[in-house]
Amino acid sequence: MRLWLLPVLACALAQAGAPARAADAPPGASSCTGCHARTTIADSVIPRIAGRKADVIATAMVAYRSGAWPSSVMGRIAKGFDDRQTAAIAAWFAVQPE
Ligand code: HEC
């Protein structure tokens, strides 16, 4: 194995573990938090998803993507992420404080 690969692999392995901190947010997660903020926004119609079960979030994303769930914006947003990216983002939201 080439030595320069080691830090790359270490990084990849670290990311495979439970991402618990904001700094560990997977690619794409920051595009969600603009709307799904961590703090409660008074009078917001946007549901809070931090702390939700990962499979609930991922299932919703798949339903939005296919159009099975009607939405104003989520259908278009969900189309921008494949299953792997969606799963990583969902896992990250699940461990964020509610
Ligand atoms: C432009 C604002 C916006 C962005 C960005 C956004 N959302 Fe949403 N999200 C909404 C709105 C509004 C709804 C309610 C459904 C609708 O009208 O589209 C929603 C609904 C949801 C729901 C369903 C929650 C429920 O209780 O039914 C999930 C899960 C979700 N979003 C996940 C995500 C994820 C993951 C991302 C990032 C990839 C994301 N959202 C990015 C605005 C946004």
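All values below come from the heavy atoms of this structure, side chains included, with hydrogens, waters and symmetry mates left out. Counting convention: from 1, in listed order, for ligands and their atoms alike.
Considering backbone and side-chain N/O of R52, one or more are found under 3.5 Å from N/O of ligand 1.
Looking only at protein N/O/S atoms, the ones less than 2.8 Å from atom 8 (Fe) of ligand 1 make 2 in total.
Side-chain contact between V62 and D83 is present, with heavy atoms from C-beta onward closer than 4.5 Å. Between M61 and M74, some side-chain heavy-atom pair lies under the 4.5 Å cut-off. Residues V56 and F93 are not in side-chain contact: their nearest non-hydrogen atoms beyond the backbone lie 4.5 Å or more apart.
The nearest protein atom to atom 29 (C) of ligand 1, hydrogens excluded, is given as A60 CB, 3.7 Å; this is a heavy-atom distance. For atom 17 (O) of ligand 1, the closest non-hydrogen atom on the protein side is S72 OG, 2.6 Å.
Under the 4.5 Å side-chain contact rule for hydrophobic residues, I46 and V73 do not share a cluster.
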Evaluate the criterion side chain to side chain contact (heavy atoms under 4.5 Å, CB included) for residue pair T33 and Q96; output intermediate values, then yes/no.
CA-CA 11 Å; T33 50; Q96 301 310 305; over 6 Å; no
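Taking SG of C35 as the reference point, atom CD1 of I77 lies at 6.0 Å (rounded to 0.5 Å).
Interface atoms of ligand 1 facing F81, defined by a heavy-atom separation under 4.0 Å, are 38 (C). Residue S31 has at least one heavy-atom neighbour below 4.0 Å for each of these atoms of ligand 1: 5 (C).
Closest approach of Y64 and A78 over heavy atoms only: CB-CB, 3.9 Å. Closest heavy-atom contact between A94 and I57: N-CD1, 4.5 Å.
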